[in-house]
K.L.:
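Handing you this structure, nothing more for now.
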Amino acid sequence: MWKTGLLVLFWGLLSSGELQQQTTEPEHQNRSPSGKLDFGNVPQGVYETVPYYEPGMIGILFHMVHAFLHVVQPNPFPEDLVVEVAKDKFGAIQSEYQKPENIVLTLKAIYYEIGFVVCAVLGLLFAVLMPAVGLFFCLCRCCNNCGGEMHQRQRKNADCQRGLLTTLLFTTSLIITAGVLCSYAANQNLSSQFKSVRRLISSNLRDLHTFSNETPMQIDYLIVQYATAKNKVISDLDNVGPLLGGKIHHELGKEVRPALDGALNMAGAMRETKEALENASVSLEVLQEATGKLHFNLSLVRSGLNRSLNDPGCSDEESDATSAQLCRSIRSSLAQLHVSGNFTRLPNVYNQLESVNQVLKTDLRNIVQRGYASFNDTPGMVNDQMRNVIDGARSMLDTIGTNISSFTKVFPVHSSLTNFTNFISHTQSKIEDLYPEIDEMDFYRWVSCIGLCSMVVLILAFNFLAILCGNLGYDKHASPTTRGCVSNTGGTLLMAGVGFSFLFSWILMGVVTAMFLVGGNMEKLVCEPFHTKQLFKVLDTPHLVNPDWRNFIPGYLYNDSDLDLTVESFYSNCKDNQGIYSAMRLDKLLNVSAFLNSSLHTKEVGKMFENVNIDLRGIVLLEPDGKQNLMDFSETGVAEINYAAYLEEVNKGVTQVDLLSYANELEAQTDLMPKGPLQTSLKGQANSLRQIHSQQVIPMEQAMSTLNQSIRLLERTASDLPNKVTDVLATIEAAQYLISENATQVVNQETQKYKQTIVGYFRQYIEWVRSSLAMEVAACKPFSNIVDTVEIIACSVLVDSLNTFWFGLGCCALFLLPSIILSVKLAKFYRRMDTEDVYDDIETIPMKTIPAYDTLTRFPRASAPPRHIDW
């Protein structure tokens, strides 16, 4: 029944967490900008149990006992032997036991337990022989043997013997005291730790309550977070235009934008061509008009210079040779004062300008912008054409929620959790009811252990009091027959201690042997293998419990023993605080991913996008008027202009010589002439040249620069203009054909990506639910804590304390043997003797006149030596 209840509980918890649809969606959901959904963190309950035990100072004793047990039993854990014994016991696979196999199994067990067997045999021999030896010892002393005769031989080293025996007995008693203190500490530790054990048990039960109470809230959180995926899907569906249409627009734009940019650049080239033609026409007119005026003015300057050079001062070489030479130089340079360029022969560009103006009457830029606008409306077209799909997807989201909500009614989760909580409460009540009985049993145990310790304490009391009385009552001048009462009391106490030692030692050894066998084997066969996890390997041995089960937990719970679920894996997973879903492999009962895939209709959602047909033929990149406009531009005759003739004239310059330089040189030569009419006339001509340069040459140079730039721009534009226009039109046609005829591939590709994004939100939710169930929901740390708590109670508290108790008590029992021997020998030196040795002063030979058997005539102050020297 408990197995069925456990399965219903686990299955109910998980199925509810995965299947129940939320009734209230959160107002705000955090979303990652990269498209990865943020479902937040599952609320976690705080488990307060910390299964850790620190023994404190007594831990040193625990380690000593562990070391002793390792010496007694150094063999490794007999995993194969335990498995064989377990199979033989639990499997019951043999109806008749085969004797040879049983013998081999027994020999293996004896070999492993040889250390315990030897110690147990020695303990039993001790327990059996000690009463017998005590009885014979008592009878022997009653017959005045075994030291029973109250006579002591006097020896020279008697004081040395007495001191040595006292020291040895005192040391032995100290060792026995350490043993009894060890046992007492273990006994007290066991009683004191019961309070901590109660707190630990209560903490585990509270953690189970936390597990039961927090799991529904975690499940509700999983349910609510379905809204994150749903809201994201709705958001993407509402923005299908920017998301899907934008992607299609981006991919098609790789071909369309260069084509439209080419047409737009050509529209700009048209306007630049018009401006260049206008500038060239104006500049040409300016240059043609200015050239005539310049030619006329330069003729006047030449004529003036010739008149000045005809002055008699220029021809009289005898009177002024320098002036004559300068005049000849000036006259020879007059040929340079001519106009260099002939702009009158250049044809005008009126016809080309008129043709371009005619072309520009059609606004190509506006036509191209309309093409841009038509292409940029792709997201809107996609949004309009996807409206039916979006409405269908919204309807499916509502259907998914309805299906999930209706499916959850199958699993009575809350009732299962309530039953589990009631079970925990009932268990806690039962445990608390057992506490008085446990306290009573612990009290009896404590009294029993104190009683055992008291036996040893009684013997120790006799020993220590005897040593004290013997030393206090010691008189080195007293003879054995004249010893004082205090010293005699010490000897009597020693013999009393010997008697109680014989009475109690076998009882102590019997108890020690029994505890040793139980506690030692518990430590070696349970506690140590648990710490090394070898015990888990034994429990996880295939076919251990049932010959047909490979793993007994899944075989027992799920009837599928091949499932990879072992005791060790369950404990380790819970130790790591993973969810009960993954720790118990509950996917065998409910495959979350498969269920959510079917419940969330991911395949149906994907199919809705497979038949999407987006028609982009309504996009017109370039209207027919724009195409005709481009063809007309290639026929404007711009390419027929004689650019070489223009550039030839422009490159000649305005005049053959720089007028400003010429005027400066002329003035410099005039300064070398003597002052007079000739000098004045020549300087006047130089000033005229400067005026001509500033008023005519500089404006002409500016006009020539403008003409040069315009002609070069026109030359670049006109270079292969028909082919350029043809390429632009071909690119436009290719892009238009791509949109109208071949856009299906791009549309399908981007639609597939968009579909994967939508479905991916559901898959993210499924994966998040799966990972949360595996790692966070219903974290099973309390179950591993229960195992650890049982280990702490059984091993760290009970077994270690038990082993430490018998270890100390065994030490006491063993050292009672030398204590008995030393006490018997030392008692001769403490007790008052009935007779003593008497020697003749002359002959110094012991007298032998009194028979050994005549005890009535022996007096303490004088006595013949005994007949037998052994006495």
Side-chain angles (χ1 to χ4, degrees), residues 278-349 645-712:
E278 289 176 346
N279 292 334
S281 178
V282 172
S283 298
L284 183 58
E285 290 179 359
V286 171
L287 289 172
Q288 288 176 348
E289 181 180 354
T291 299
K293 293 180 179 180
L294 180 60
H295 181 73
F296 176 74
N297 290 332
L298 290 177
S299 299
L300 293 178
V301 172
R302 285 196 305 272
S303 299
L305 287 173
N306 282 325
R307 286 194 300 271
S308 299
L309 293 174
N310 291 329
D311 186 271
C314 288
S315 58
D316 190 1
E317 295 184 2
E318 294 180 358
S319 61
D320 192 356
T322 302
S323 297
Q325 185 179 359
L326 291 173
C327 288
R328 285 196 300 273
S329 175
I330 294 171
R331 185 178 287 111
S332 64
S333 65
L334 292 178
Q336 298 177 1
L337 296 176
H338 286 89
V339 177
S340 178
N342 185 10
F343 295 100
T344 57
R345 71 182 185 87
L346 296 177
N348 57 49
V349 291
Y646 273 90
L647 294 176
E648 181 183 358
E649 296 300 329
V650 169
N651 291 332
K652 288 179 180 180
V654 179
T655 58
Q656 293 181 0
V657 68
D658 185 5
L659 295 183
L660 187 60
S661 300
Y662 187 86
N664 292 334
E665 184 179 357
L666 177 61
E667 188 172 2
Q669 291 175 345
T670 303
D671 290 338
L672 298 175
M673 296 179 181
K675 293 183 180 180
L678 178 60
Q679 185 186 44
T680 303
S681 176
L682 290 176
K683 285 189 175 182
Q685 296 300 327
N687 291 330
S688 297
L689 288 174
R690 290 191 182 95
Q691 187 176 5
I692 291 172
H693 179 270
S694 63
Q695 294 180 357
Q696 292 184 300
V697 173
I698 291 177
M700 289 182 67
E701 288 177 345
Q702 294 175 350
M704 287 177 66
S705 176
T706 302
L707 180 61
N708 182 37
Q709 295 175 1
S710 300
I711 291 300
R712 291 187 182 277

K.L.:
Just verifying a value: how many Å separate Q709 CD and S283 OG, rounded to the nearest 0.5 Å?
P.N.:
9.5 Å
K.L.:
Measuring from L660:CG to I698:CD1, what's the distance to the nearest 0.5 Å?
P.N.:
8.0 Å
K.L.:
Mind checking what makes salt bridge (Lys or Arg N to Asp or Glu O under 4.0 Å) contact with R690, not counting sequence neighbours?
P.N.:
E667
K.L.:
Any donor and acceptor pair, going by atom type alone, linking the side chain of S694 with main-chain N or O of Q691 inside 3.5 Å?
P.N.:
yes
K.L.:
Please name all residues satisfying side-chain hydrogen bond (donor to acceptor under 3.5 Å, both in side chains) with N708, sequence neighbours left out, ordered by chain then number.
P.N.:
R712
